[in-house]
Protein chains: 2
Amino acid sequence: MKEFIPILKRTQLFSGVGEEEIGAMLNCLQAKLCIYIKGEYVLRQGEHLDKILVLVGGKLHIQRDDYWGNRSIINMISVGEMFGEAYVAPESGTLMNDVLAVEDSAVIFFDVKRIITVCSAACRFHSIVVQNLFFAISEKNRKLVQKLTFMSKRTTREKLIAYLSEEAKRHNSNEFCIPFNRQQLADFLSVDRSAMSNELCKMRDEGLICFEKNRFGLL
Amino acid sequence: MKEFIPILKRTQLFSGVGEEEIGAMLNCLQAKLCIYIKGEYVLRQGEHLDKILVLVGGKLHIQRDDYWGNRSIINMISVGEMFGEAYVAPESGTLMNDVLAVEDSAVIFFDVKRIITVCSAACRFHSIVVQNLFFAISEKNRKLVQKLTFMSKRTTREKLIAYLSEEAKRHNSNEFCIPFNRQQLADFLSVDRSAMSNELCKMRDEGLICFEKNRFGLL
DNA sequence: ACAAATCGGTTGTATTTACAACAGAAAGAG
DNA sequence: CTCTTTCTGTTGTAAATACAACCGATTTGT
């Protein structure tokens, strides 16, 4: 697990904590490393979760499939991001979504109780991690609201514009790559892939956007 | 402000804290009481927010109107619930939504910095409030994900079923009242009111549900 | 290099939705 | 009580979407 410490150091959870301290905390937080291959489930809907996970390699999707096989991608987890902070509260129930590895992935699990109850050994940086966790969950909250704002658009075109505008703002550029292929983008925006593809091409023909594979540009 | 202490005592934020302690903390947290009449905005999109608010009377909607006048209600705040926890992080930017009083409302604002930095006066219950805040934001996170799961349904009917099922589960009963009128429910689910009304009546005629005003039953 | 699988675009049709307009019922104001 | 406003249901039409089916291009595995 040692080899992932430099990656952990750059995560939001361990922001402001040195590599030596992280090494020391791995025991304190009962860290466990798990490897998943592409297509494997990390967690399944209905499971009980008492750990927080930090992705140190690969890519995950937080998603849910309904009775009719419609998949919706709630969120995407990239290297350095975490998942499970929303389930730290005592009576938070079971997991509402699946967590799927969409690439070969490496995940480190941390014991939640060890994080939110300050350890008697008083590792000096524990309180920093707690505050980091707080800010992280707060940020994820804002991102969920943001997703809700473009999910609440009525038409596919409006959803696309809202999403692409947001990505452009996030990248500080009118050109950017999105982390989805067409099917995944459709699942993320909860629309039909072919209808979306159709709309994208119309928007391109109208001179609103340009794109090639995952690279998009706003005009 | 003293008269609201019994209400504050029953809120999630002050869970486990006695009335005397709450009284003492009002200063420590620089509490400010504000009154709003129905239809008045508590906060507007774009504002900078460095306070957490707790609703002690009335009802609020977290909402957003787009260019074309389509309103979407992101969330509803009832007495005892709070808003603004997602903006406590230092670089969380400005408010993405409006906060509207849909009834005459009483709101108490608390200084965020005072909450997340433990005060030197060491008020004994401060750490409890911090943990409560943590659990609250974590719970709100789960609720947002839940809303995303039924917002991601394709048809109005599916959205209605997902929403009503959730409410039934929450009330532990097949009969329950919803906190919205038709227009508000449509705004909450991001669908057209008349189309939704139509769909509701179809579902009633098919024997799936029954309703009268805000009272719904699943059959 | 070849076969298989994945991906993205296109088209047509049936379904669903948005929008506007209207009417009766209920609630609220004076 | 009466007038006004709000709320809810209804209808018709134009627009948008879902779904299925297909094809060519690209990628992947062997």
Side-chain angles (χ1 to χ4, degrees), chain A residues 37-39 59 61 65-73 100 102-104 150-162 164 177-206 208-216, chain B residues 37-39 61 65-73 100 102-104 150-162 177-206 208-216:
Chain A
I37 60 169
K38 179 178 174 176
K59 191 197 281 187
H61 279 181
D65 301 324
D66 69 12
Y67 305 110
W68 300 276
N70 286 316
R71 168 165 296 179
S72 59
I73 298 175
L100 177 73
V102 288
E103 297 175 2
D104 294 349
F150 49 74
M151 283 284 296
S152 66
K153 302 293 182 200
R154 306 298 214 269
T155 66
T156 300
R157 173 173 294 218
E158 284 175 89
K159 285 178 187 166
L160 283 168
I161 289 174
L164 294 173
C177 290
I178 66 171
F180 297 120
N181 64 30
R182 294 294 185 277
Q183 181 64 61
Q184 291 170 341
L185 179 57
D187 289 342
F188 184 72
L189 298 178
S190 288
V191 295
D192 181 70
R193 182 195 60 80
S194 63
M196 185 192 76
S197 186
N198 211 322
E199 200 64 33
L200 277 174
C201 292
K202 274 192 215 162
M203 288 164 72
R204 181 192 52 198
D205 296 345
E206 291 173 24
L208 284 173
I209 61 171
C210 59
F211 57 86
E212 192 202 334
K213 294 187 179 180
N214 290 355
R215 182 156 203 87
F216 283 77
Chain B
I37 61 169
K38 179 178 175 177
H61 279 182
D65 302 324
D66 70 12
Y67 305 111
W68 299 275
N70 287 316
R71 167 164 298 178
S72 58
I73 298 176
L100 177 73
V102 288
E103 298 175 2
D104 293 349
F150 49 74
M151 283 285 296
S152 66
K153 302 293 181 199
R154 308 298 216 266
T155 66
T156 301
R157 172 173 295 218
E158 285 175 87
K159 284 177 187 166
L160 282 168
I161 290 175
C177 289
I178 66 171
F180 298 120
N181 64 29
R182 295 293 185 276
Q183 181 64 61
Q184 290 170 341
L185 179 58
D187 289 342
F188 184 72
L189 298 178
S190 289
V191 294
D192 181 70
R193 183 196 60 80
S194 64
M196 186 192 75
S197 187
N198 210 323
E199 200 64 32
L200 277 174
C201 293
K202 275 191 213 162
M203 288 163 72
R204 181 190 53 197
D205 297 344
E206 292 174 23
L208 285 172
I209 62 173
C210 60
F211 57 86
E212 192 202 335
K213 294 188 180 178
N214 290 355
R215 181 156 202 86
F216 283 78

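The shown structure was predicted, so the numbers you read here are calculated from the model rather than taken from an experiment. Chain A is the first sequence line, chain B the second, and so forth, proteins listed ahead of strands; every chain is numbered from 1.
- Each of B/S190 and A/R204 was assigned the nucleotide of DNA chain C with the nearest heavy atom; the assignment lying further toward the 5' end belongs to A/R204.
- A salt bridge is absent between B/E199 and B/K159; no separation between the charged side-chain nitrogens and carboxylate oxygens falls under 4.0 Å.
- For A/N181, counting side-chain heavy atoms from C-beta on, the closest listed nucleotide (D/dT8, C/dG8, C/dT11) is C/dG8.
- In this structure a side-chain-to-backbone donor-acceptor pair under 3.5 Å is present from B/R182 to B/K213.
- Atom pair A/Q183:CD and C/dG9:P shows a separation of 13 Å (rounding to whole Å applied).
- Counting to the nearest Å, the P atom of C/dC7 and the CG atom of A/L200 are 16 Å from each other.
- End-to-end axis angle of the helix from C/dA1-D/dT30 to C/dG30-D/dC1, using five pairs per end and rounding to 10°, comes to 60°.
- As a whole-Å value, the separation of B/K159 NZ from C/dT16 P is 14 Å.
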Which donor-acceptor pairs under 3.5 Å do the side chains of residues 186-194 of chain B make with protein atoms, sequence neighbours left out?
from   : atom 1 : to     : atom 2 : distance (Å)
B/D187 : OD1    : B/Q183 : NE2    : 3.2
B/S190 : OG     : A/S152 : O      : 3.4
B/D192 : OD2    : B/S194 : N      : 3.3
B/D192 : OD2    : B/S194 : OG     : 2.6
B/D192 : OD2    : B/A195 : N      : 3.1

Below 3.5 Å between N/O atoms, which protein atoms pair up with nucleotides 13-17 of chain D? Just atom names and distances, please.
from   : atom 1 : to     : atom 2 : distance (Å)
D/dT17 : OP1    : A/T156 : N      : 2.3
D/dT17 : OP1    : A/T156 : OG1    : 2.9

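- A/Q184 pairs by the side-chain hydrogen bond (donor to acceptor under 3.5 Å, both in side chains) definition with nothing, not counting sequence neighbours.
- We find that CG of B/D104 is positioned 13 Å from P of C/dG28, with the value rounded to whole Å.
- Each of A/N198, A/I161, A/T156 was scored for a side-chain contact (heavy atoms from CB on, under 4.5 Å) with A/M203, with one residue passing: A/I161.
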Pick out the pairs of N or O atoms, protein on one side and nucleotides 21-29 of chain D on the other, that lie under 3.5 Å.
from   : atom 1 : to     : atom 2 : distance (Å)
D/dT27 : OP1    : A/K213 : NZ     : 3.1

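- Following rounding to the nearest Å, B/R182 (CZ) and D/dT6 (C1') show an atom-to-atom distance of 14 Å.
- Between A/F216 and A/I178 the shortest heavy-atom distance is CE1-CD1, 3.5 Å.
- Between A/N198 atom CG and C/dG12 atom C1' there is a gap of 11 Å when expressed in whole angstrom units.
- Within the 3.5 Å criterion, the main-chain N or O of B/R157 finds no donor-acceptor partner in the side chain of B/K202.
- B/L100 is listed as a side-chain neighbour of B/R71, based on a closest heavy-atom distance under 4.5 Å.
- Nucleotide D/dC19 holds its P atom 15 Å from the CE atom of A/M196, rounded to whole Å.
- Within the 4.5 Å cutoff, side-chain heavy atoms of B/F180 are placed close to those of B/H61.
- Rounding to the nearest 0.5 Å places CG of A/L164 at 9.5 Å from CZ of A/F150.
- In this structure, B/R215 places its CZ atom 20 Å from C1' of D/dC7, rounding to the nearest Å.
- Partners of A/E212 by salt bridge (Lys or Arg N to Asp or Glu O under 4.0 Å), not counting sequence neighbours: none found.
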